[in-house]
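Structure first, then comments.
Every number for a ligand or one of its atoms is a count from 1 in the order of the listing.
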Amino acid sequence: MATTSPSTTAALHHQFLASPHQNGTSDVESEIVFVEETLPNLTSFMENNNKEEHNAEDQKSTTNKRYLPLLVLNYVLLFVGSLSASLLSKYYFIHKGSSKWVSTWVQSAGFPLLLFPIFLPVLLKYTKRKPFTGFGQKLFWFSVLVGLMLGFNNLLISWGVAYLPVSTSALLLSSQLVFTLILSSIIVKQKITFSNLNCVILITISSIILALDSSHEKPQGLTDREYFIGFSCTIGAGLLFSLYLPVMEKIYQSVNCYQMVMEMQLIMEIAATVLATVGMACDQGFSDMKKEAERGFDKGTTVYWLTILSTVVTWQCCFMGTAGMVFLTSSLTGGICSTALLSINVLGGVAVYKDPIGGFKAVSTVLCIWGFCSYVFGMYIKMKRKKVGRKNSSSASSTELIPRRNSDM
Ligand SMILES: Nc1nc2[nH]cnc2c(=O)[nH]1
(Lines give C-alpha, C1' and ligand atoms only; values in the text may rest on other atoms or scores of the structure.)
Protein backbone atom coordinates (compact mmCIF):
# COMPACT_ATOMS: atom_id res chain seq x y z
CA MET A 1 0.00 0.00 0.00
CA ALA A 2 1.28 3.47 -0.73
CA THR A 3 2.51 5.62 2.09
CA THR A 4 3.28 8.73 0.04
CA SER A 5 0.82 11.59 0.50
CA PRO A 6 -1.33 12.38 -2.52
CA SER A 7 0.10 15.90 -2.85
CA THR A 8 3.71 14.66 -2.78
CA THR A 9 2.77 11.97 -5.24
CA ALA A 10 1.15 14.47 -7.57
CA ALA A 11 4.19 16.74 -7.37
CA LEU A 12 6.60 13.87 -8.07
CA HIS A 13 4.36 12.58 -10.83
CA HIS A 14 4.26 16.03 -12.37
CA GLN A 15 8.03 16.34 -12.07
CA PHE A 16 8.49 13.02 -13.82
CA LEU A 17 6.11 13.89 -16.60
CA ALA A 18 7.70 17.28 -17.05
CA SER A 19 11.24 15.90 -17.35
CA PRO A 20 11.33 12.14 -17.83
CA HIS A 21 14.96 12.19 -18.95
CA GLN A 22 16.52 13.62 -15.84
CA ASN A 23 18.14 10.29 -15.09
CA GLY A 24 20.27 10.90 -18.15
CA THR A 25 18.82 8.21 -20.40
CA SER A 26 16.43 8.36 -23.26
CA ASP A 27 15.39 4.75 -23.14
CA VAL A 28 11.80 3.95 -22.20
CA GLU A 29 12.75 0.80 -20.26
CA SER A 30 15.27 2.63 -18.14
CA GLU A 31 12.59 5.21 -17.39
CA ILE A 32 10.40 2.41 -15.99
CA VAL A 33 13.34 1.23 -13.89
CA PHE A 34 13.98 4.83 -12.84
CA VAL A 35 10.39 5.23 -11.65
CA GLU A 36 10.24 1.88 -9.92
CA GLU A 37 13.65 2.15 -8.23
CA THR A 38 13.56 5.74 -7.08
CA LEU A 39 9.90 5.96 -6.21
CA PRO A 40 9.10 2.53 -4.76
CA ASN A 41 5.96 3.54 -2.91
CA LEU A 42 4.64 5.54 -5.74
CA THR A 43 3.97 2.85 -8.29
CA SER A 44 1.12 1.09 -6.54
CA PHE A 45 -0.52 4.34 -5.52
CA MET A 46 -0.37 5.50 -9.06
CA GLU A 47 -1.92 2.35 -10.45
CA ASN A 48 -5.24 3.74 -9.31
CA ASN A 49 -4.58 7.34 -10.20
CA ASN A 50 -2.10 7.77 -13.00
CA LYS A 51 -4.42 7.04 -15.90
CA GLU A 52 -6.54 10.15 -15.44
CA GLU A 53 -3.62 12.31 -14.31
CA HIS A 54 -1.45 11.18 -17.20
CA ASN A 55 -4.19 11.82 -19.74
CA ALA A 56 -4.85 15.24 -18.27
CA GLU A 57 -1.13 16.10 -18.41
CA ASP A 58 0.05 14.41 -21.57
CA GLN A 59 -1.55 16.25 -24.45
CA LYS A 60 0.01 13.92 -27.00
CA SER A 61 -1.77 10.94 -25.49
CA THR A 62 -4.49 9.88 -27.91
CA THR A 63 -6.81 9.23 -24.96
CA ASN A 64 -6.57 12.84 -23.79
CA LYS A 65 -9.89 14.55 -24.46
CA ARG A 66 -8.12 17.54 -26.01
CA TYR A 67 -6.05 15.38 -28.39
CA LEU A 68 -8.46 15.26 -31.35
CA PRO A 69 -9.48 18.97 -31.31
CA LEU A 70 -5.78 19.93 -31.10
CA LEU A 71 -4.93 17.58 -33.95
CA VAL A 72 -7.71 18.98 -36.15
CA LEU A 73 -6.75 22.56 -35.28
CA ASN A 74 -3.11 21.93 -36.19
CA TYR A 75 -3.94 20.24 -39.44
CA VAL A 76 -6.22 23.15 -40.40
CA LEU A 77 -3.35 25.56 -39.56
CA LEU A 78 -0.92 23.52 -41.64
CA PHE A 79 -3.36 23.16 -44.55
CA VAL A 80 -4.50 26.79 -44.68
CA GLY A 81 -1.01 28.11 -43.86
CA SER A 82 0.82 26.03 -46.45
CA LEU A 83 -1.72 26.61 -49.22
CA SER A 84 -2.00 30.36 -48.71
CA ALA A 85 1.72 30.93 -48.03
CA SER A 86 2.55 29.16 -51.28
CA LEU A 87 -0.04 31.19 -53.26
CA LEU A 88 1.08 34.46 -51.68
CA SER A 89 4.78 33.72 -52.32
CA LYS A 90 3.90 33.12 -55.95
CA TYR A 91 1.89 36.37 -55.96
CA TYR A 92 4.95 38.23 -54.60
CA PHE A 93 7.23 36.95 -57.38
CA ILE A 94 4.57 37.28 -60.15
CA HIS A 95 4.14 40.98 -59.37
CA LYS A 96 7.86 41.77 -59.50
CA GLY A 97 8.91 41.09 -55.93
CA SER A 98 12.42 39.68 -56.25
CA SER A 99 14.37 39.79 -52.96
CA LYS A 100 15.43 36.39 -51.63
CA TRP A 101 16.11 37.87 -48.22
CA VAL A 102 12.61 39.37 -48.00
CA SER A 103 11.15 36.02 -48.96
CA THR A 104 13.31 34.35 -46.26
CA TRP A 105 12.49 36.91 -43.58
CA VAL A 106 8.69 36.64 -44.01
CA GLN A 107 8.85 32.90 -43.25
CA SER A 108 9.78 33.49 -39.63
CA ALA A 109 9.06 37.15 -38.79
CA GLY A 110 5.54 36.33 -37.62
CA PHE A 111 6.88 34.82 -34.38
CA PRO A 112 4.92 37.27 -32.11
CA LEU A 113 1.77 35.41 -33.23
CA LEU A 114 3.01 32.45 -31.18
CA LEU A 115 2.31 34.47 -28.04
CA PHE A 116 -1.39 33.66 -28.60
CA PRO A 117 -1.12 29.87 -28.19
CA ILE A 118 1.34 30.43 -25.33
CA PHE A 119 -0.66 32.92 -23.27
CA LEU A 120 -4.29 32.32 -24.32
CA PRO A 121 -4.61 28.95 -22.52
CA VAL A 122 -3.57 30.67 -19.26
CA LEU A 123 -5.88 33.65 -19.80
CA LEU A 124 -8.78 31.31 -20.66
CA LYS A 125 -7.89 29.17 -17.61
CA TYR A 126 -7.36 26.02 -19.72
CA THR A 127 -4.13 25.41 -17.83
CA LYS A 128 -2.52 26.44 -14.56
CA ARG A 129 0.98 26.10 -15.99
CA LYS A 130 2.75 29.44 -16.25
CA PRO A 131 4.41 29.96 -19.66
CA PHE A 132 8.06 28.86 -19.81
CA THR A 133 7.79 26.83 -16.56
CA GLY A 134 10.30 23.97 -16.72
CA PHE A 135 11.92 25.41 -19.83
CA GLY A 136 15.55 24.51 -19.11
CA GLN A 137 18.73 25.88 -20.65
CA LYS A 138 19.24 22.69 -22.64
CA LEU A 139 15.84 23.00 -24.28
CA PHE A 140 16.49 26.70 -24.94
CA TRP A 141 19.82 26.09 -26.72
CA PHE A 142 18.36 23.14 -28.65
CA SER A 143 15.58 25.43 -29.85
CA VAL A 144 18.07 28.14 -30.87
CA LEU A 145 20.15 25.60 -32.80
CA VAL A 146 17.16 24.05 -34.57
CA GLY A 147 15.81 27.58 -35.23
CA LEU A 148 19.06 28.53 -37.01
CA MET A 149 18.76 25.34 -39.03
CA LEU A 150 15.18 26.28 -39.94
CA GLY A 151 16.30 29.81 -40.86
CA PHE A 152 18.90 28.35 -43.20
CA ASN A 153 16.24 26.05 -44.68
CA ASN A 154 14.03 29.12 -45.30
CA LEU A 155 16.90 30.82 -47.14
CA LEU A 156 17.50 27.75 -49.32
CA ILE A 157 13.76 27.53 -50.10
CA SER A 158 13.77 31.20 -51.17
CA TRP A 159 16.73 30.67 -53.52
CA GLY A 160 14.99 27.61 -54.97
CA VAL A 161 11.70 29.47 -55.48
CA ALA A 162 13.53 32.43 -57.05
CA TYR A 163 15.31 30.32 -59.69
CA LEU A 164 13.17 27.26 -60.34
CA PRO A 165 9.67 26.80 -61.73
CA VAL A 166 7.13 25.80 -59.06
CA SER A 167 6.75 22.30 -60.50
CA THR A 168 10.48 21.58 -60.39
CA SER A 169 10.84 22.76 -56.82
CA ALA A 170 7.76 20.68 -55.87
CA LEU A 171 9.41 17.60 -57.36
CA LEU A 172 12.73 18.24 -55.66
CA LEU A 173 11.06 19.03 -52.33
CA SER A 174 8.97 15.87 -52.47
CA SER A 175 12.24 13.93 -52.14
CA GLN A 176 12.21 15.13 -48.51
CA LEU A 177 9.56 12.51 -47.74
CA VAL A 178 11.89 9.60 -48.56
CA PHE A 179 14.67 11.27 -46.55
CA THR A 180 12.22 11.85 -43.66
CA LEU A 181 11.29 8.16 -43.67
CA ILE A 182 14.98 7.15 -43.59
CA LEU A 183 16.10 9.73 -41.02
CA SER A 184 13.12 9.17 -38.73
CA SER A 185 13.73 5.42 -38.78
CA ILE A 186 17.31 6.17 -37.64
CA ILE A 187 16.67 9.04 -35.19
CA VAL A 188 13.33 8.07 -33.61
CA LYS A 189 13.16 4.41 -34.66
CA GLN A 190 10.11 5.00 -36.85
CA LYS A 191 8.73 1.65 -38.01
CA ILE A 192 8.54 1.27 -41.78
CA THR A 193 5.14 -0.27 -42.43
CA PHE A 194 3.14 -1.09 -45.55
CA SER A 195 0.90 1.89 -44.82
CA ASN A 196 3.63 4.55 -44.56
CA LEU A 197 5.80 3.12 -47.35
CA ASN A 198 2.75 2.97 -49.66
CA CYS A 199 1.95 6.59 -48.85
CA VAL A 200 5.55 7.80 -49.35
CA ILE A 201 5.74 6.01 -52.75
CA LEU A 202 2.35 7.33 -53.95
CA ILE A 203 3.08 10.94 -52.98
CA THR A 204 6.58 10.78 -54.52
CA ILE A 205 5.17 9.35 -57.80
CA SER A 206 2.48 12.03 -57.71
CA SER A 207 5.14 14.79 -57.59
CA ILE A 208 7.24 13.13 -60.30
CA ILE A 209 4.22 13.04 -62.66
CA LEU A 210 3.48 16.66 -61.83
CA ALA A 211 7.02 17.78 -62.54
CA LEU A 212 7.34 15.78 -65.79
CA ASP A 213 4.06 17.26 -67.01
CA SER A 214 5.17 20.84 -66.39
CA SER A 215 8.84 20.61 -67.37
CA HIS A 216 8.11 23.09 -70.17
CA GLU A 217 7.41 25.74 -67.51
CA LYS A 218 11.15 26.47 -67.25
CA PRO A 219 11.48 30.25 -67.16
CA GLN A 220 13.13 31.88 -70.16
CA GLY A 221 16.53 33.41 -69.60
CA LEU A 222 17.43 31.10 -66.71
CA THR A 223 21.17 30.42 -66.93
CA ASP A 224 22.68 26.99 -66.23
CA ARG A 225 24.43 28.46 -63.17
CA GLU A 226 21.15 29.81 -61.76
CA TYR A 227 19.41 26.51 -62.46
CA PHE A 228 22.19 24.65 -60.64
CA ILE A 229 21.96 27.03 -57.66
CA GLY A 230 18.16 26.67 -57.50
CA PHE A 231 18.41 22.88 -57.84
CA SER A 232 21.07 22.46 -55.13
CA CYS A 233 19.32 24.86 -52.74
CA THR A 234 15.99 23.03 -53.04
CA ILE A 235 17.59 19.60 -52.51
CA GLY A 236 19.47 21.09 -49.54
CA ALA A 237 16.22 22.48 -48.11
CA GLY A 238 14.52 19.10 -48.51
CA LEU A 239 17.40 17.41 -46.67
CA LEU A 240 17.43 19.97 -43.87
CA PHE A 241 13.65 19.74 -43.43
CA SER A 242 13.78 15.95 -43.30
CA LEU A 243 16.41 16.22 -40.57
CA TYR A 244 14.46 18.96 -38.77
CA LEU A 245 11.29 16.82 -38.45
CA PRO A 246 12.75 13.75 -36.63
CA VAL A 247 15.06 15.95 -34.54
CA MET A 248 11.96 17.83 -33.36
CA GLU A 249 10.17 14.55 -32.66
CA LYS A 250 13.14 13.41 -30.60
CA ILE A 251 13.07 16.62 -28.54
CA TYR A 252 9.27 16.44 -28.14
CA GLN A 253 9.65 12.99 -26.54
CA SER A 254 10.50 14.82 -23.34
CA VAL A 255 7.65 17.33 -23.72
CA ASN A 256 4.05 16.55 -22.78
CA CYS A 257 2.42 19.89 -23.20
CA TYR A 258 1.42 21.72 -26.36
CA GLN A 259 2.10 25.11 -24.76
CA MET A 260 5.76 24.11 -24.37
CA VAL A 261 5.90 23.08 -28.03
CA MET A 262 4.75 26.59 -28.95
CA GLU A 263 7.34 28.09 -26.57
CA MET A 264 10.08 26.11 -28.34
CA GLN A 265 8.63 27.21 -31.65
CA LEU A 266 8.81 30.85 -30.50
CA ILE A 267 12.53 30.54 -29.64
CA MET A 268 13.17 28.76 -32.94
CA GLU A 269 11.37 31.38 -35.02
CA ILE A 270 13.17 34.20 -33.18
CA ALA A 271 16.54 32.52 -33.95
CA ALA A 272 15.51 32.09 -37.62
CA THR A 273 14.41 35.76 -37.76
CA VAL A 274 17.72 36.94 -36.26
CA LEU A 275 19.54 35.01 -39.00
CA ALA A 276 17.28 36.47 -41.71
CA THR A 277 17.56 39.99 -40.25
CA VAL A 278 21.38 39.83 -40.19
CA GLY A 279 21.24 38.66 -43.83
CA MET A 280 18.81 41.47 -44.71
CA ALA A 281 21.01 44.05 -43.00
CA CYS A 282 24.23 42.81 -44.65
CA ASP A 283 22.73 42.44 -48.13
CA GLN A 284 20.60 45.61 -48.32
CA GLY A 285 17.42 43.58 -47.85
CA PHE A 286 15.62 46.36 -45.97
CA SER A 287 16.35 48.97 -48.63
CA ASP A 288 15.34 46.41 -51.31
CA MET A 289 12.06 45.99 -49.45
CA LYS A 290 11.48 49.75 -49.42
CA LYS A 291 12.38 50.07 -53.10
CA GLU A 292 10.09 47.18 -54.03
CA ALA A 293 7.24 48.71 -52.06
CA GLU A 294 7.65 52.13 -53.69
CA ARG A 295 8.60 51.26 -57.26
CA GLY A 296 9.21 47.58 -57.98
CA PHE A 297 5.92 45.92 -57.07
CA ASP A 298 3.44 46.41 -59.90
CA LYS A 299 0.33 46.33 -57.67
CA GLY A 300 1.33 49.39 -55.65
CA THR A 301 2.59 50.07 -52.14
CA THR A 302 -0.53 49.16 -50.15
CA VAL A 303 -0.96 45.80 -51.86
CA TYR A 304 2.78 45.15 -51.39
CA TRP A 305 2.61 45.61 -47.61
CA LEU A 306 -0.64 43.64 -47.42
CA THR A 307 1.04 40.80 -49.34
CA ILE A 308 4.05 40.87 -47.00
CA LEU A 309 1.83 40.95 -43.91
CA SER A 310 -0.39 38.08 -45.03
CA THR A 311 2.64 36.03 -46.09
CA VAL A 312 4.13 36.54 -42.61
CA VAL A 313 0.88 35.36 -40.95
CA THR A 314 0.34 32.37 -43.25
CA TRP A 315 3.93 31.08 -42.95
CA GLN A 316 3.57 31.24 -39.18
CA CYS A 317 0.35 29.19 -39.35
CA CYS A 318 2.14 26.67 -41.57
CA PHE A 319 5.06 26.22 -39.14
CA MET A 320 2.75 26.19 -36.10
CA GLY A 321 0.72 23.42 -37.75
CA THR A 322 3.85 21.45 -38.69
CA ALA A 323 5.22 21.62 -35.12
CA GLY A 324 1.83 20.63 -33.68
CA MET A 325 1.49 17.69 -36.08
CA VAL A 326 4.98 16.37 -35.23
CA PHE A 327 4.23 16.71 -31.50
CA LEU A 328 0.79 15.08 -31.69
CA THR A 329 1.64 12.34 -34.19
CA SER A 330 5.16 11.81 -35.55
CA SER A 331 7.77 13.41 -37.77
CA LEU A 332 6.77 11.10 -40.62
CA THR A 333 3.09 12.06 -40.36
CA GLY A 334 4.11 15.74 -40.20
CA GLY A 335 6.30 15.23 -43.28
CA ILE A 336 3.55 13.38 -45.15
CA CYS A 337 1.04 16.13 -44.38
CA SER A 338 3.45 18.90 -45.50
CA THR A 339 4.59 17.11 -48.64
CA ALA A 340 1.08 16.01 -49.68
CA LEU A 341 0.19 19.70 -49.58
CA LEU A 342 2.83 20.43 -52.24
CA SER A 343 0.63 18.63 -54.78
CA ILE A 344 -2.55 20.15 -53.39
CA ASN A 345 -0.89 23.58 -53.72
CA VAL A 346 -0.84 22.97 -57.47
CA LEU A 347 -4.65 22.77 -57.38
CA GLY A 348 -4.58 26.12 -55.56
CA GLY A 349 -2.63 27.50 -58.53
CA VAL A 350 -5.29 26.13 -60.90
CA ALA A 351 -8.12 27.66 -58.85
CA VAL A 352 -6.53 31.05 -58.12
CA TYR A 353 -4.14 31.72 -61.03
CA LYS A 354 -6.07 29.69 -63.62
CA ASP A 355 -2.99 27.50 -64.23
CA PRO A 356 -3.86 24.93 -66.91
CA ILE A 357 -4.93 21.49 -65.64
CA GLY A 358 -4.41 18.47 -67.87
CA GLY A 359 -4.62 14.71 -67.48
CA PHE A 360 -1.22 14.43 -65.79
CA LYS A 361 -2.05 17.02 -63.16
CA ALA A 362 -5.36 15.28 -62.44
CA VAL A 363 -3.71 11.81 -62.13
CA SER A 364 -1.01 13.28 -59.91
CA THR A 365 -3.58 14.87 -57.60
CA VAL A 366 -5.62 11.65 -57.39
CA LEU A 367 -2.46 9.66 -56.49
CA CYS A 368 -1.54 12.20 -53.86
CA ILE A 369 -5.02 12.22 -52.30
CA TRP A 370 -5.14 8.41 -52.47
CA GLY A 371 -1.75 8.06 -50.72
CA PHE A 372 -2.66 10.59 -48.08
CA CYS A 373 -6.18 9.22 -47.38
CA SER A 374 -4.99 5.61 -47.18
CA TYR A 375 -2.37 6.70 -44.64
CA VAL A 376 -4.87 8.66 -42.54
CA PHE A 377 -7.30 5.74 -42.69
CA GLY A 378 -4.52 3.36 -41.58
CA MET A 379 -3.75 5.71 -38.66
CA TYR A 380 -7.42 5.85 -37.71
CA ILE A 381 -7.77 2.06 -37.68
CA LYS A 382 -4.58 1.74 -35.61
CA MET A 383 -5.81 4.29 -33.08
CA LYS A 384 -9.15 2.51 -32.80
CA ARG A 385 -7.43 -0.85 -32.25
CA LYS A 386 -5.22 0.65 -29.58
CA LYS A 387 -8.24 2.11 -27.81
CA VAL A 388 -10.02 -1.26 -27.77
CA GLY A 389 -6.80 -2.98 -26.63
CA ARG A 390 -6.41 -0.47 -23.79
CA LYS A 391 -9.99 -0.97 -22.66
CA ASN A 392 -9.53 -4.74 -22.59
CA SER A 393 -6.26 -4.64 -20.73
CA SER A 394 -6.67 -4.11 -17.01
CA SER A 395 -2.94 -4.42 -16.28
CA ALA A 396 -1.92 -1.59 -18.55
CA SER A 397 -2.27 1.19 -16.00
CA SER A 398 1.22 1.01 -14.50
CA THR A 399 2.91 1.50 -17.86
CA GLU A 400 0.54 4.34 -18.77
CA LEU A 401 3.02 6.54 -16.91
CA ILE A 402 5.44 6.35 -19.77
CA PRO A 403 4.96 9.04 -22.41
CA ARG A 404 3.59 6.92 -25.21
CA ARG A 405 4.71 7.68 -28.75
CA ASN A 406 2.57 7.01 -31.74
CA SER A 407 5.75 5.68 -33.30
CA ASP A 408 4.11 3.55 -35.91
CA MET A 409 1.92 6.34 -37.20
N1 LIG B 1 12.23 22.32 -46.95
C2 LIG B 1 10.97 22.62 -46.60
N3 LIG B 1 10.74 23.76 -45.97
C4 LIG B 1 9.48 24.03 -45.62
N5 LIG B 1 8.97 25.10 -45.00
C6 LIG B 1 7.64 24.89 -44.87
N7 LIG B 1 7.27 23.73 -45.41
C8 LIG B 1 8.41 23.18 -45.88
C9 LIG B 1 8.67 21.97 -46.53
O10 LIG B 1 7.79 21.14 -46.79
N11 LIG B 1 9.98 21.74 -46.87
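- The side chain to side chain contact (heavy atoms under 4.5 Å, CB included) test with V76 singles out one residue from L73, N74, V72, L78, and that residue is V72.
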Start with the C-alpha distance between S158 and Q107, add both sets of side-chain angles, then the distance that settles side-chain contact (heavy atoms from CB on, under 4.5 Å), and finish with yes or no. CA-CA 9 Å; S158 303; Q107 292 183 55; 3.3 Å; yes
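- Under the 30°/60° scheme for interplanar angles, the aromatic rings of H95 and F297 are found to stand perpendicular.
- Aromatic ring orientation, F79 versus Y75: tilted (interplanar angle from 30° to 60°).
- A distance below 6.0 Å separates the ring centres of F241 and Y244.
- A side-chain donor-acceptor contact under 3.5 Å links Y375 and T333.
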N/O pairs closer than 3.5 Å, ligand 1 and protein:
{"from": "ligand 1", "atom 1": "1 (N)", "to": "N153", "atom 2": "OD1", "distance (Å)": "2.9"}
{"from": "ligand 1", "atom 1": "1 (N)", "to": "A237", "atom 2": "O", "distance (Å)": "3.1"}
{"from": "ligand 1", "atom 1": "3 (N)", "to": "N153", "atom 2": "ND2", "distance (Å)": "3.1"}
{"from": "ligand 1", "atom 1": "10 (O)", "to": "Q176", "atom 2": "NE2", "distance (Å)": "2.8"}
{"from": "ligand 1", "atom 1": "11 (N)", "to": "Q176", "atom 2": "OE1", "distance (Å)": "2.9"}
{"from": "ligand 1", "atom 1": "11 (N)", "to": "Q176", "atom 2": "NE2", "distance (Å)": "3.4"}

